[in-house]
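Step one of this worksheet: look at the structure below.
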There are 2 protein chains.
Amino acid sequence: MFVKVDFVGGEGMRVTQPRTVKRQARGRQRIADILDAALALFAENGYERTSTNAIAARAGMSPGSLYQFFPNKEAIADALSTHLVEQMRDAHSSAFDLARVTDLTLHELIDRMVDPLIAFNATHPGAKALLANTDMPAGAQGAARPLHEAVVDRVAAIIQARVPTLPATERDLAAMVSVRIVAAMMPPIVAAEGAERRALTAELKKALYGYLAPLDPDGS
Amino acid sequence: MFVKVDFVGGEGMRVTQPRTVKRQARGRQRIADILDAALALFAENGYERTSTNAIAARAGMSPGSLYQFFPNKEAIADALSTHLVEQMRDAHSSAFDLARVTDLTLHELIDRMVDPLIAFNATHPGAKALLANTDMPAGAQGAARPLHEAVVDRVAAIIQARVPTLPATERDLAAMVSVRIVAAMMPPIVAAEGAERRALTAELKKALYGYLAPLDPDGS
DNA sequence: GACGAACACGAGTGATCGCTCGTATTGTGC
DNA sequence: GCACAATACGAGCGATCACTCGTGTTCGTC
């Protein structure tokens, strides 16, 4: 499931291990196992309450083996969040890039942006929860910041395309609020299934429409 | 600042100390000191990363003294969240109870409900953050659940008063979404000051109005 | 002023945790 | 098949933490 990650440490890291290690297929698989185990355990019990020995055990290896792939516990969290953020960014770009936004009605535009996001978050439960979790180390949380900023920027760009006359300040504000509304509704949507999820999704879209319609030329 | 709390333990508690202790004025003050110190440290470093010895030190006492007032670390978190929830509930009721809601315009209604909430959260920074924090023990988080449900219920009641024809399902959904929108905007509003806070507050109200107006008789 | 309860202290205890290290096995390049 | 890197193991080290306990001090009450 996971693949990359060769720890070539950040700034303040004391690297006991060699800078770069030529991973064999076996090693890459082990890294994936560690990240899978860590994701599950972090989501279950939180970062602090999860011991590295427990991660190693869940990944089917000894503590010593785990530390052949990661220099410390924090590096596991960082690698995990980096990986999650990458996947989320991919999902986001597929949601944002397509189509000339000016040709769509506001309803259509909202559909095109919201639906893929919900699909991604639904298939990756725990991803958002982990990145938003305050007990994760600073590095793991910080990894999500650029993503959030990028998302807000893109929404702002779309708003500008549709309403070029809107002052920059108001436009950025509207983008931020829109993103926050989506984020606020995501947990219950992901937790729900079937008809309930559809109902919640429809409600989210109503909220977005109600907020954005007064700004939009399409808003009747 | 804080006062009550005599630990007469919940269900599964092993109480080494006597069930009830007659607190002297000195003791009540010490309890307040402990809760103040814990609130600050939990907000700074999170629950897990805060040691009981550190709480005692910040409160100006020895670890032994701390444990004369609380049976364990979790009890401190519980007492803290219970206290916070009580204060928030008071602030909420003053926001909800007054005035016959049917006599107000939707704009006025939103003002009357949102402004006191913002005022409370602004003067109690960290309160909401603590209660929403996932690394707090289950008991401390659970304490906020009844409050949230009560708030949603009250909003639902207000919606029903204004739009009696709305089906119960839709009404409850609208209440939940409204509360989530408010909660989502609260952190940046609390973090901001002056003009910025006012701008964010206005934006929150716009979002609420846009979402609720289609349901409301006043909405046009 | 005496007596018990509440309050206060802080060194210490047992358990846990992140991480190491010495050693043994497996894979790769030649 | 040899040499070396990569992988693997798990007992255990040092540090930290929640909490205890023995002892001493202050308060309320009569």
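Everything numeric here is computed off the predicted structure, so don't read it as measured data. Just so it is clear, the values below take in all heavy atoms, side chains as well, and ignore hydrogens, waters and symmetry mates. Letters A, B, ... are given to chains in the order of the sequence lines, protein chains preceding strands, and every chain is numbered from 1.
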* To do: Could you check how far CZ of B/Arg23 sits from C1' of C/dC7, rounded to whole Å?
  => 9 Å
* **Between C1' of D/dC17 and CG of B/Asn72, the distance in whole Å** => 14 Å
* For each nucleotide in nucleotides 22-30 of chain C, reading 5' to 3', give B when a protein heavy atom comes within less than 4.0 Å of its base, S when such contact involves only the sugar-phosphate, and - otherwise. => -----SS--
* To do: Report the residues that fulfil side chain to side chain donor-acceptor pair (under 3.5 Å) with A/Glu48, sequence neighbours left out, ordered by chain and then residue number.
  => B/Arg49
* Which whole-number value in Å describes the distance from A/Phe70 CZ to C/dT20 P? -> 15 Å
* **Qualifying residues under salt bridge (Lys or Arg N to Asp or Glu O under 4.0 Å), relative to A/Asp153, sequence neighbours excluded** => none
* Asked: For C/dA8, does either OP1 or OP2 sit under 4.0 Å from a side-chain N or O belonging to B/Arg30?
  -> yes
* Asked: Can you list the residues that meet the side chain to side chain donor-acceptor pair (under 3.5 Å) rule with B/Asp90, with sequence neighbours excluded?
  -> none
* Structure fact -> With sequence neighbours left out, the residues meeting side chain to side chain donor-acceptor pair (under 3.5 Å) with B/Arg197 are none
* To do: Measure the distance from OH on B/Tyr67 to P on C/dA11 and round it to the nearest whole Å.
  => 17 Å
* Side-chain N,O (A/Ser65) to OP1/OP2 (D/dT7) below 4.0 Å -> no
* **A/Pro63 side-chain proximity, nearest of D/dT7, D/dT20, C/dC19** => C/dC19
* Listed in order of residue number, which residues of residues 42-58 of chain B have a non-hydrogen atom at under 4.0 Å from DNA chain D? -> B/Thr50, B/Ser51, B/Thr52, B/Asn53
* **Euclidean distance, atom CZ of residue B/Arg28 to atom P of C/dA5 [Å, nearest integer]** => 19 Å
* Asked: Which whole-number value in Å describes the distance from A/Leu66 CG to D/dG10 C1'?
  -> 13 Å
* First locate atom CZ of A/Arg145, then atom CG of A/Leu131, and finally report the distance between them rounded to the nearest 0.5 Å. => 12.5 Å
* Sequence neighbours left out, what pairs pass ring pair (Phe, Tyr, Trp, His ring centres under 6.0 Å) with at least one residue falling in residues 33-64 of chain A? => A/Phe42-A/Tyr47
* Taking atom P of D/dT26 as reference, at what distance in whole Å does atom CD of B/Gln29 sit? -> 18 Å
* Asked: Within this structure, what is the CE-to-C1' distance between B/Met61 and C/dA8, rounded to whole angstrom?
  -> 9 Å
* **Residues in salt bridge (Lys or Arg N to Asp or Glu O under 4.0 Å) contact with A/Lys206, at least two apart in sequence or another chain** => A/Glu203
* Asked: How is A/Gly64 classified with respect to the nucleic acid when contacts are heavy atoms under 4.0 Å: base, sugar-phosphate, or nothing?
  -> base
* Please report the closest heavy-atom contact between B/Thr50 and B/Lys73, naming both atoms and the distance. => O-NZ, 2.7 Å
* Under the side chain to side chain donor-acceptor pair (under 3.5 Å) test, residues paired with B/Arg58 that sit two or more places apart -> B/Glu44
